[in-house]
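Inspection log for the structure reproduced underneath, given as structure tokens.
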Amino acid sequence: MMYPFSEVEEKWQKFWDDNQIYKTDFNKIDNKLYSLVMFIYPSGSKLHIGHWYNYGPNDSWARYKKLIGYNVFEPIGYDAFGLPAENYAIKTGVHPYDSTMQNIKDIREQLKRMGCMYDWDAELMTCDPEYYKWNQWLFLQLYKKGLAYRKNAPVNWCPNDQTVLANEQVTANGTCDRCGAVVVQKNLTQWFFKITEYTEELLQGLDTINWPEKTKLMQRNWIGKSVGAEADFKVFGSDEVITVFTTRPDTLYGVTYVVLAPEHPLVDKLTSPEYKNDVNTYREFVKTLSELERTSTIKEKTGIPIGAYAINPVDSKKVPIWIADYALLTYGTGCVMAVPGHDERDFEFARKFALPVKKVILEPGTDADTELLKAYTGTGKMISSDEFNGLDSEIGKQRIIEYLEKRNFGRRKINYRLRDWLISRQRYWGTPIPVIHCPECGIVPVDEKDLPVNLPYEVEFNPSGKSPLTTNADFMNVKCPKCGSDAKRDADTMDTFVDSSWYYFRYLNPHINDAIFDMKKAEDWVPVDMYVGGAEHATMHLLYARFIHKFLRDLGLTQSDEPFRNLLHQGTITNKGAKMSKSKGNVVNPDEFTQKYGSDVFRMYLMFMGPYDLGGDWSDHGISGVDRFVQRTYELFNRFKNLSEKVKTKEKFEIETLNQDEKSIYRKVNHTIKKFEAEINNFRFNTAIASLMELINELKNINNCSKELQLFSLERFAILLAPVAPHLAEECREILGNKESIFMHPLWYSYDEAALVADTVNIAV
RNA sequence: GCCGAAGUGGCGGAAUUGGUAGACGCGCUGGACUCAAAAUCCAGUGGGGCUCACACCUCGUGCCGGUUCGAGUCCGGCCUUCGGUACCA
């Protein structure tokens, strides 16, 4: 008899729904478990295998937790704003709202067929004004605290299409992926959130959360703390000062030139007239380079002198000022002191342009006359450094800083790589920035009572050189709330990472309209106990969310310091070696498999494929093995219909009273419970399922057992199946003669320790 | 380039974290059932060697080296692949 998965799954999904089994009682908090998955990005495509791989196994873990007694909250929602829907609109003319809503409708149906424990009352979508209103509110709070500010920042600009391009739309050659034109950098005034206000706390906080070490390490490196000093170089024949940041103040005597970022504002002031033309040409060239190209240590550096000189604060020597691609305005002060003798990049640059190399740190085992064949970047005795000669460079670092500070030529300084968060997007499909630009009053934030600023439906998406919202006059033209004169709204929208920075609060009460979230509920349910999502979010989303959480705490809205107590990454399921994405056209549709095998089989196959955190390349080879396992399971239970009505349940057996087959089955059942629990608790689903397969292989001798042991084994088998194949487990247990759903109340069996001891033990010598 | 990972049979992977490498599954081979096929069930299955056979020997966890009585696991150096690199999310 074939397992009728389609009817069975429909039947139990309806039963769970009718009985509201997965509605969370938010008042029971002593055993609460907030299990969160990264929400769905619906403007690209429907659910794909990556989503299933994230959600299915995580639901199995949560189901296990529910069975052992946790009060689980498992929400799902839609990260509905974003670029792909807008690009789709430009291509096809289908409005982003329409395509997104259609996608959400389709995805919701797919999600329901997965059979996860979602609490549908908690469903939310970020493109709903009742959601993005609170993005705007959040913006206003940040603005009020001085943590939202405007400054110039470059964007990728396609001069042909007259539009801003996402990094993804720029090819490796620096051309527009639509029209092939060379992309340039263009400065626009844009909004930033001042995440750097929280840098040190974001760094320290990593020690308090249970996240994968690699993720914490990536965040640490992303924040990029470095301890060093700033040194002020006076510009020769000018009042201007060039301030550099260095981690190696001990090499200050080795400076032979100074480099400014080509876009540094001082370049205009300092370039001498005869260099102007070359400098301008060079600056145009640098605009075509990506940051990655500019900082690559393998690519040959470029640069030119600007005809000006700086004075080294320690020895008053005159050194030339250059501009070069590898100096970035966004890191440190945008100015670099170059020490070719002790920095590899500077060495290479000095070689190329015949700039002097000066040795000021002695590599142990060499002397002052040994020629430097490459930069020596280690520590050693200081030489050619006046009063600091002979000092160990580590001590010299401190002495030089003291020297600079005493003369007011510099100061101790900690620098971070982390930059403020640019949130302005010159796009339509996002949260409007709640700001009005008044010719009289300047920037006027929208009053909180006037939120939300609704995103209008009628706009022109086709690129016109300006943000799409400018094409809707009704939206753009407003009276200034302060003075009443004619004013304009901000035409930009927010980065969608703003939406995803606080949604875990909103799930608790997605529809309240008088607050961003219910503080009491949030205190009970946040931090999230387990957050599972892709490792590709390690540095951006997961850092932004931590920042916003800390900001909300400082507003007094929550007590906790961190949003996600535990974090795990499922691996990436690739297709032909590459991450699945609509733009690559290599998305695998899960429906094909769920229709053929059912959702339990598909879920189990994804879990059985390999370690959860590794993912792997997609292949459907092997799904038939899981299907066979399910068929054999169903067939096995059908041989024992209504057994529970004929036999009394027994909790434990005395091993000595059992025959040989009974003994090994009794052992296997108990051993499997132990093994399965240990594996699923740690998200090791592949071995958890392997243990169930071992169990059913053992159960082939079940006919030689007493009725009591048969019932004992099958009951336990059904419950072990429940987390990983919930529909099948319900059905099998019903076949045995049980009337109630497994998931109605906590239900788990412990194992008999005495059964685990084997008769003989092999010891390797 | 930089930051973070991964590499084990024909394939996906397992190995209680330094102690019998290859659990479980796919595939394949042989057998049973069948007029036949499919499905199902049973047996075998890392390479090489030696055996009628049981057994036994030997090589083997990306590459090179090291530590150790003992290394898939630890250390150093590479190679390849993947994720991120601040406007895909």
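Heavy-atom basis, side chains included; hydrogens, waters and symmetry copies ignored. Values in this document were obtained by computation on a predicted structure and should not be read as measured data. Every chain is numbered from 1 and lettered A, B, ... according to where its sequence line falls, protein lines coming before strand lines.
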Cationic tip of A:Arg417 above A:Trp222 ring, under 6.0 Å, 45° of axis: yes
Pairing partner (Watson-Crick or G-U wobble, both distances under 3.5 angstrom) of [N]:
N	value
B:U61	none
B:U80	B:A6
B:C24	B:G12
B:A43	B:U29
B:C69	B:G19

Hey, does the side chain of [X] reach the backbone of [Y] with a donor-acceptor pair shorter than 3.5 angstrom?
X	Y	answer
A:Tyr751	A:Lys675	no
A:Gln570	A:Tyr53	no
A:Asn187	A:Asn152	no

Classify the nucleic acid contact of [X] as base, sugar-phosphate or nothing, counting any heavy atom under 4.0 Å across all strands shown.
X	value
A:Leu692	nothing
A:Asn697	sugar-phosphate
A:Ser424	base
A:Arg427	base
A:Val626	nothing
A:Phe629	nothing
A:His537	base
A:Val170	nothing
A:Glu536	base
A:Trp222	base
A:Leu292	base

- Query: So does A:Gln190 reach the base of B:C87 with its side chain, donor to acceptor, closer than 3.5 Å?
  - Reply: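 Between B:C87 and A:Gln190, which were checked side chain against base, a qualifying N/O pair under 3.5 Å is present.
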Query raised in the report: Would you say the side chain of A:Gln426 and the base of B:C87 hold a donor-acceptor pair, judged only by whether the two atoms sit under 3.5 Å apart?
Result: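 Checked by distance alone, the answer is yes.
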Sticking with atom [atom1], work out how far [N] lies from [M], rounded to a whole angstrom.
N	M	atom1	result
B:A6	B:C59	C1'	26 Å
B:C88	B:G10	C1'	37 Å
B:G31	B:G12	C1'	27 Å
B:U8	B:C3	C1'	27 Å
B:G76	B:C24	P	36 Å
B:U16	B:U29	P	34 Å
B:A15	B:G4	C1'	26 Å
B:A36	B:A32	P	11 Å

Inset, instruction - Let me know which of A:Tyr544, A:Tyr504, A:Tyr198 forms a side chain to side chain donor-acceptor pair (under 3.5 Å) with A:His549. - result: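 By the side chain to side chain donor-acceptor pair (under 3.5 Å) criterion, A:His549 pairs with just one of A:Tyr544, A:Tyr504, A:Tyr198: A:Tyr504.
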- Query: B:G27, B:C87, B:C88: which one has an atom nearest the side-chain heavy atoms of A:Asn156?
  - Reply: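 The answer is B:C87.
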The glycosidic conformation of B:U17, counting syn as within 90° of 0 and anti otherwise, is syn
Its glycosidic angle compared against 90° from 0, B:G10 adopts the form anti
inquiry  = Tell me whether the side-chain N/O atoms of A:Arg632 come closer than 4.0 Å to OP1 or OP2 in B:C41.
reply    =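 Indeed, a polar side-chain atom of A:Arg632 lies that close.
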* Between A:Asn686 and B:A14, does any side-chain N or O lie under 4.0 Å from OP1 or OP2? -> yes
Whole-Å distance, A:Glu679 CD to B:G13 P, equals 16 Å
Practice problem: Would you please classify the geometry between the A:Tyr503 ring and the A:His541 ring as parallel, tilted or perpendicular, with 30° and 60° separating the classes? | Solution: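 Answer is tilted, since the angle falls between 30° and 60°.
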Checklist entry - Any ion pair linking A:Lys194 and A:Asp420 (charged N to carboxylate O, less than 4.0 Å)? => result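 Looking at A:Lys194 together with A:Asp420, the answer is no, because their closest N to O distance does not fall below 4.0 Å.
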